[in-house]
Amino acid sequence: MELSRCGSFCMPSIPVIGFSSGPIRQCPALPQPKLGISTRLAELRRMRRSVKEVVRAGSDGFGTQTETAVVEKPKLSRFEVSAGLPTPFGATPVDGGVNFAVFSGGAVSATLCLLSPSDLRENTVSEQISLDPSINRTGDVWHVFLKGDFTNMLYGYKFEGKFSPDEGYLYDATRILLDPYAKAVISRGEYGVLGPEDNCWPQMAGTVPSNYNEFDWEGDLPLKIHHKDLIIYEMHVRGFTKHESSNCQFPGTYLGVVEKLDHLKELGINCIELMPCHEFNELEYFNYNSVLGDYRMNFWGYSTINFFSPMIRYSSAGTSNDGSSAINEFKLLIREAHKRGIEVIMDVVFNHTAEGNEAGPIVSFRGIDNSVYYMLAPKGEFYNYSGCGNTFNCNHPVVRQFIVDCLRYWVTEMHVDGFRFDLASIMTRSSRFFDLMEHAKFSFKFIIAEINYNVLFILCSSFQSLWDAINVHGNPIDGDLLTTGTPLDSPPLIDLISNDPVLRGVKLIAEAWDTGGLYQVGTFPHWGVWSEWNGKYRDIVRLFIKGTDGLSGAFAECLCGSPNLYQEGGRKPWNSINFVCAHDGFTLADLVTYNNKHNLANGEDNNDGENHNNSWNCGQEGDFASISVQRLRKRQMRNFFLCLMVSQGVPMIYMGDEYGHTKGGNNNSYCHDNYINYFRWDKKEEYSLDFYRFCRLMMKFRHESESLGLNSFPTSERLQWHGHIPGKPDWSETSRFVAFTLIDSVQGEIYIAFNTSHLPITITLPERPGHRWEPLVDTGKSAPFDFIPADDPQRGMAVSQYAHFLNANLYPMISYSSIILLLSPEIAV
C-alpha cells in the first residue's frame, strides 16, 4: 500500500450520511453544500428537543452528574421483543429469532432500525426499536432479541450521545449506522453505478441473517499446503476477468475468477492472494478525469467499510437475496479453488477505514464509538499512520477482539486459508487506550484488575492524552510512558492472533511497514507464525539485476531466503515472501521499460506514486524502442522471474506479469477501472509461446526441485558459491556475478548463475567426473530456447550447439543473463 494512492479524495467534505433532514454526502464531482460543526451542533440540539429527555441525577463514580436520554418506545406489530444477550456480537439467528448485539461505550441510548430494500431506496424505516438501558444493555453492549418475519429485512443502529468532535465524540441520533459485525452490506447493487439522485454514498444497511441460505461445501477441507511449497499470485477480482477478451459469462466477478481458475492451475499457482474483497465504496474517489475522459474510482479497494461483508458488487448477483447470493459466490470461489489445489489468502486492511479524516463520512465505526475505534489526538484529530486520513485503534481491547472475531469468521465460515495484512506495522502500535491505561497505572501505582473502559477514560482525562505534537510518529520517549502509536515489542493484537487456536494454523503475512515511518521487515513481532512481504528482497534484487555495484553479497542473501533477516529470530526461509512487483509500483514489464513514473492518467499532475522505483528502461524510455533494447528488456524480465523462482522463501507474482502486462509506466493505478488494470487475456494468448511459456516452465521446475523450497536455510553441505572460477566467489564492490550449485534429491545437482554486467563472460564450471553440465535455462536466448525441458524435441540440437564449450567445462554468458544447468551422465565418444 502506498500513501499516495489515497490522494485528496480520501477526505470527503460532506460528513452526513443517513436519514436526516440535513444534506447527504454526494460525489466530489457534484455541487456539495457545506455543514460546519457549529451548524451540526445546532441541528442536533433542535432534533433532541423533539425527544423526551429525562435528567437522571446520579454519580458516575467521580462526583459528576450524568444525563441520559430516554427515547419513548414505539408500539410494535411485527416483532416480539425481549432483552436478548450481549454475545455474540452482530445479528445472530437463534431459537427461532434473531439476537442483535453491538458495542457502544459512550452512547446513552440506542435504537435498532429495521428496513426493507425499498426503505433503503426511499430513505424510510419500517421499524425502530428503542433499547432500554436497564434491560437491553450489559456493560457497554446493547442487545435485543426479536421474533418475527425477517424476510428481506435489513438493519442498522442509531445512537444518542455527545456530539463533541474536539473530545472525540461523534454521536448523532439522526444517522443510521452499519453494524461492524454485519455479514452483508446492502446499498448500491451494481459496480460503478451511482445511487439515487446520483449519490455516491447512499444509505447502507446490514442484512438480517437467516439459517435458510446454507451453502454446499461438498466436503471442502483446508488444503494446508506447507508455506515452503507455495507460489502466490496477487490478484484483483474485478481486474482479472473484466476485459472483454476474457470471454467470461460473468466478467469482473467472483464467478468470473472461477471460470479462469484453470489458467492458474496450468501456470503452476497454488495460492491466490486476493486484493481487498471486504465491502468498500468504489465511488469513494468518484471524480471526472479529464486526462482519460472517464471517472476515477477506488479500484484497488484499500478503504474498507465493513470487514465481515464480502464486496457485494464483485458478485454477479449483486444485492439479490439481500447479499446471501454474494456470500455464496465467494464461497464457491474458495471451494472451486480448493478443488484445483489452490489456497486463497485475503488481503485485509485493518489499518484504517473508509471514514477518512475529520471531514470524512460517518458510516459505522465513527458514529458507534469514535474514540475506541480510532487513534485520536487530544482535540479529536485523527492520527494518520495509514496515509488515508485515520488509523484503526488496533490494540484497544474491543478493537482487537473485533479483528480476531472477523478473521475467525472468514476462516470458519468462508474457508479462506490465510491473510495478508496491509500496513501491518500499524497493528504493532500502542493504542489510545493503552496510553491511558499505562498513564493511570504509573501515576497511581496500582494495577487495574477489572477495567471499565468509561471509568478508565474519565480517570485518565485529567492527565490529558500522551499525545506529543512534536513526536507525531510515535517514537519511544524517555521513561515509562508511551505516546499514542509507539511501536510495541509484544503488541496485544499480534499476540492474540498468533496464539488463537483457530488462526494459528492459517497463513499470516505482514506488510511490515506503514506510512508513518515504521519499517519492520525482519523485525515484525512474529511468535514463530508470521511471514512478511520482504520489501528488502524486492529492492536488492531490482538493483542487482539492473547492474548496480556493491550488492553481490546482499543478492546472495536474498537467494538464500534472507537469513540475515529471519534466521536469528528462529524463523524459516518461507517466512520471507519474495516479490519483485506487486499491485502498487511498476509491473514487471514496466520495471524494464521506464526509469520514471508516468502517472498523468491519475489526474494528479504526476505528483502521486513512488519516485524511487529502482527500475531501468534498458536504454530508452517507453514502449517504442529499438529492437536491441526490446530484446534486453525481455532478457531482464526472464532474469527477474528466474531469480524469484530459484530463491529460497515463498515467491509471489503479480497478476498479468506472466505475460508482461503494462500499465504504461503508471506505478499508482489505484483509481482506474479500465484497461490499465485489466488482465489482457488476448495478450496472454499472444505471448503463450514466449514469456508466458517461460514463466510456466520455471514454476514447474521449482515445484519439481526439492532444493528450491527448503524448510531451513541452506548450509555448505548443500550449497556452494562460485565465481567465474568454481569455488571462488567474488564479493567485491564491483562484482556483478553470482553463481552457486545446489544438491537436489530430484534433479541431482543444479548450477545457477547471474551475470548482471554489461559485458559477456565465459565461466568455468565445477568439475563433476563422469558427468557433464547441460543447459536447461538461458535467459540470453529467445523462446523456445530460453527454457529447454528434457522432453523438448529440440533439446538435442540446442545442446549440441554448445558441445565444444560443455566438453571443456565452460559456458558463455552474454550480458545481463542468467542460466540454470543440470548434470547429465557423460557419454563416451
Side-chain angles (χ1 to χ4, degrees), residues 183 215 217 219-235 237 254 264 269-278 304 307-310 327 330-351 394 400-425 427-428 491-512 524-534 566 570-579 649-652 709 711:
K183 303 307 185 293
F215 178 78
W217 281 105
D220 178 70
L221 292 171
L223 297 177
K224 296 184 178 180
I225 300 173
H226 196 288
H227 297 69
K228 68 182 181 63
D229 298 321
L230 294 177
I231 297 180
I232 300 175
Y233 187 89
E234 189 186 24
M235 173 197 290
V237 167
Y254 301 123
L264 301 179
I269 299 299
N270 59 9
C271 182
I272 302 170
E273 183 179 296
L274 295 176
M275 290 174 66
C277 289
H278 290 149
T304 309
F307 293 96
F308 279 85
S309 171
I327 293 173
F330 185 91
K331 291 179 176 179
L332 179 68
L333 166 57
I334 304 299
R335 188 189 73 190
E336 294 306 304
H338 285 177
K339 286 182 179 179
R340 293 162 175 80
I342 301 173
E343 293 189 335
V344 180
I345 291 173
M346 293 186 69
D347 195 339
V348 292
V349 191
F350 288 111
N351 57 77
C394 294
R400 65 178 181 248
Q401 188 59 56
F402 164 78
I403 293 173
V404 168
D405 289 344
C406 179
L407 298 176
R408 281 184 165 190
Y409 172 80
W410 286 94
V411 171
T412 59
E413 179 65 25
M414 309 295 269
H415 288 208
V416 302
D417 302 284
F419 307 93
R420 178 264 187 186
F421 294 81
D422 184 65
L423 297 185
S425 289
M427 302 193 302
T428 72
L493 173 60
I494 305 301
D495 187 350
L496 193 61
I497 294 173
S498 303
N499 294 292
D500 184 85
V502 173
L503 302 177
R504 189 174 175 85
V506 304
K507 275 72 177 181
L508 301 171
I509 302 172
E511 184 185 35
F524 188 85
H526 56 82
W527 275 267
V529 297
W530 285 79
S531 299
E532 298 171 9
W533 264 28
N534 191 343
Y566 301 112
R571 286 192 277 182
K572 304 292 186 180
W574 45 262
N575 290 122
S576 173
I577 307 299
N578 302 329
F579 67 104
V650 178
M652 184 190 79
N711 194 42

> So, do M427 and N351 sit near enough that their side-chain heavy atoms are less than 4.5 Å apart?
Replying inline: no
>> Do D495 and N499 have side chains that approach each other closer than 4.5 Å (heavy atoms only, starting at C-beta)?
In response: yes
>> With a 6.0 Å cut-off on the ring centroids, do W533 and F524 count as close?
In response: no
>> Quick one, R571 and E532 - any side-chain contact, counting heavy atoms below 4.5 Å?
In response: yes
> Considering all heavy atoms of both residues, which atom of F308 and which atom of W410 are nearest to each other, and what is their separation?
Replying inline: O-CZ2, 3.1 Å
>> Any heavy-atom pair between the side chains of F350 and L407 that's under 4.5 Å?
In response: yes
>> Check for me whether the distance between the ring centres of H338 and W217 falls short of 6.0 Å.
In response: no
> Does any non-hydrogen side-chain atom of N711 lie less than 4.5 Å from one of H226?
Replying inline: yes
> Does the side chain of H227 reach to within under 4.5 Å of the side chain of N575, using non-hydrogen atoms?
Replying inline: no
> Where is the tightest heavy-atom contact between K183 and I327, given as atom of each residue plus distance?
Replying inline: O-CD1, 3.6 Å
> Say you draw a straight line from SG of C271 to CD1 of I577; how long is it, rounded to the nearest 0.5 Å?
Replying inline: 8.5 Å
> Taking D347 as the fixed residue, which of R420, M235, E511, H278 is the one that meets the side-chain contact (heavy atoms from CB on, under 4.5 Å) rule?
Replying inline: R420
> Looking only at heavy atoms, what is the nearest atom pair of P276 and V349, with distance?
Replying inline: CG-CG2, 4.0 Å
> Does the D417 side chain pair with the main chain of I345, one donor and one acceptor, at a distance under 3.5 Å?
Replying inline: no
>> Between E234 and M652, is there a side-chain heavy-atom distance shorter than 4.5 Å?
In response: yes
> Of all heavy-atom pairs between H526 and S498, which one has the smallest distance, and what is that distance?
Replying inline: O-OG, 4.2 Å
>> Tell me the closest heavy-atom pair linking V650 and W574, and the distance in Å.
In response: CG2-O, 3.6 Å
>> Could you walk me through whether N270 and D229 satisfy the side-chain hydrogen bond (donor to acceptor under 3.5 Å, both in side chains) test, starting with their C-alpha distance in whole Å, then the side-chain angles of each, then the deciding distance to 0.1 Å, before giving a yes or no?
In response: CA-CA 9 Å; N270 59 9; D229 298 321; over 6 Å; no
> Under 4.5 Å between any side-chain heavy atoms of P525 and T428, yes or no?
Replying inline: yes
> With a 6.0 Å cut-off on ring centres, are F421 and W530 close enough?
Replying inline: yes
